[in-house]
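Labels below follow one simple rule: chain letters A, B, ... track the order of the sequence lines, proteins then strands, and each chain is numbered from 1. What's counted below: heavy atoms across the whole structure, side chains too, no hydrogens, waters or symmetry copies.
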Protein chains: 2
Amino acid sequence: MITEEHHAIRRRERRAQTRTALLDAAERLWAERGIRGASLEDIANAAGLTKGAVYSNFTGKTDLLLALLERYTRADLGLEMCAREDEARLPVLLLVEFWLYGMRDYSAGWRIADWYAARRDTLAQGFPEENGMPSDQRATLAMAMDFGLTLQRLLDPDRVGADTYAAGMRLVLE
Amino acid sequence: MITEEHHAIRRRERRAQTRTALLDAAERLWAERGIRGASLEDIANAAGLTKGAVYSNFTGKTDLLLALLERYTRADLGLEMCAREDEARLPVLLLVEFWLYGMRDYSAGWRIADWYAARRDTLAQGFPEENGMPSDQRATLAMAMDFGLTLQRLLDPDRVGADTYAAGMRLVLE
DNA sequence: ATCCTTGGCTACCGTCGGGTAACCAACAAA
DNA sequence: TTTGTTGGTTACCCGACGGTAGCCAAGGAT
């Protein structure tokens, strides 16, 4: 039986779907071209919609950005991003975009900083406190190594091989 | 005595000065606001000039960008960028801008990749081959740790302290 | 069957930014 | 002094982008 609430729910679902579609498109295009490099119209078209849909679901570009940042920082990139490098390329690009944005916009900065902190905490719980180094410090170093190697490797996979990546992670994970 | 060549030289010098002034302004503004965030007019005005001066000295925005990249990759940031953190903020921001640009523009990508490689080589010469790890690999790891820690520390200096930075560099430099 | 809400579309505006062309002043060459 | 060149300014064009307003159709409510 189909009730009125049922309809209302389907309605909300459809709206959520368009929101998701827009966020997906923004995530992909902004990763590919940079935040200022993809316009709202580009994003809407990529989602099979028009710019109006964006303004119907978000108050503006920065709102869309913050919503994406919100969703992005909930979902977890697994540790060791460089493991499958082709797959990691776009997420890392977007992460760097967000880092830059956060460095310049204070209100977004704390959110990214918090995400990093949460990631470190999660990671630290996997490390037993050993060798005199606190586990949270070790987590910070692991993230740093992972990130620093990924940046070099994505830019120049020939000269920064998978073996170097493995050696780095081994060193920091003892 | 003032010869004709003397004049010609002063002329060339003045031109070189305006070029430098434009490059300086671009370096600062692009670091502060991002490459797409500062227009040619902004840059020219910051240098006390007008947009026309840019087009008199460079063929366009990307040419100015490449010239700056060229100059930037000649000058050397010392290793351990995070040592004096306030001083490092802008250079690191610009470096990340360049990294992103290089990841998306193939023709610029190899230049940045080469710069990284040269940095690694220079660094590697300071490392004796020891403990079974090749010195060039150690250089890669040192850069990765330095960079990864700097990114985290610039974003959140409270939670990523100088001690952690020191510990990371110690670990990788043995 | 009728009304009204909602979600998305279309057309439009103002601004901004890269790029161009005409112009002009300083200055070197004669 | 006159002439030509060079370095920079001014005014303008055009496309793109963020944002707004009015419209319209789908589809729930009554």
Output yes when at least one side-chain N/O atom of R36(A) is less than 4.0 Å from OP1 or OP2 of dC17(D), else no.
no
V54(B) and A44(B) have their tightest heavy-atom pair at CG2-CB, 4.1 Å
Do any side-chain nitrogens or oxygens of N57(B) fall under 4.0 Å of OP1 or OP2 in dG8(D)?
yes
Side-chain H-bond candidate by donor/acceptor type, Q152(A) with R159(A), under 3.5 Å
no
Donor-acceptor pair, distance only, cut-off 3.5 Å: does the side chain of T164(A) make one with the backbone of V160(A)?
no
Establish whether the base of dG17(C) is bridged to the side chain of K51(B) by a donor-acceptor pair shorter than 3.5 Å.
no
Does G52(A) reach a base, just sugar-phosphate, or nothing at all? Heavy atoms under 4.0 Å.
base
Give T50(A) one of three labels, base, sugar-phosphate or nothing, depending on what nucleic acid heavy atoms sit under 4.0 Å from its own.
base
Between P of dG18(C) and CD1 of I35(B), the distance in whole Å
12 Å
Is a donor on one side and an acceptor on the other found under 3.5 Å between the side chain of D42(B) and the backbone of S39(B)?
yes
Between G60(A) and V54(B), whichever has its closest DNA chain D nucleotide further toward 5' is V54(B)
Nucleotide nearest L40(B) when distance is taken to its side chain, options dG8(D), dG19(C), dG8(C)
dG19(C)
For the residue pair Y72(B) and W115(B), does the interplanar ring angle fall in the parallel (under 30°), tilted (30 to 60°) or perpendicular (over 60°) class?
tilted
Is R19(B) near enough to dG7(D) that one of its side-chain N or O atoms lies under 4.0 angstrom from OP1 or OP2?
no
Nearest-Å distance, CZ (R14(A)) to P (dG28(D))?
10 Å
Rounded distance in Å - CG (L29(A)) to C1' (dA16(D))
16 Å
dG8(D) C1' sits how many Å from R15(B) CZ, rounded?
9 Å
When you measure from the side-chain N and O atoms of R11(A) to the phosphate of dG28(D), is any distance below 4.0 Å, counting only OP1 and OP2?
no
From dG19(C), dC17(D), dC9(C), pick the nucleotide closest to the side chain of Y55(B)?
dG19(C)
Between P of dC16(C) and CG of N45(B), the distance in whole Å:
13 Å
Using a strict 4.0 Å threshold on nitrogen-to-oxygen distance, state whether D24(B) and R71(B) make a salt bridge.
yes
For R14(A), is the CZ atom crowded, meaning more than 12 foreign heavy atoms sit under 6.0 Å from it?
no
Using five pairs at either end of the helix from dA1(C)-dT30(D) to dA30(C)-dT1(D), determine the angle between the two local helix axes and round it to 10 degrees.
0°
Donor/acceptor link under 3.5 angstrom from K61(A) side chain onto base of dG19(D)
no
How long is the line joining CD of E41(B) and P of dT15(C), in whole Å?
15 Å
Under 4.0 Å between a side-chain nitrogen and a carboxylate oxygen: does that hold for R104(A) and E97(B)?
yes
In terms of side-chain heavy atoms of T18(B), which of dG8(D), dT20(C), dG8(C) is nearest?
dG8(D)
Between C1' of dC17(D) and CH2 of W30(A), the distance in whole Å
13 Å
Interatomic distance where CD belongs to E13(B) and P belongs to dT6(D) [whole Å]:
18 Å
From the options dC17(D), dG8(C), dG18(C), select the nucleotide whose nearest atom is closest to the side chain of S56(A).
dG8(C)
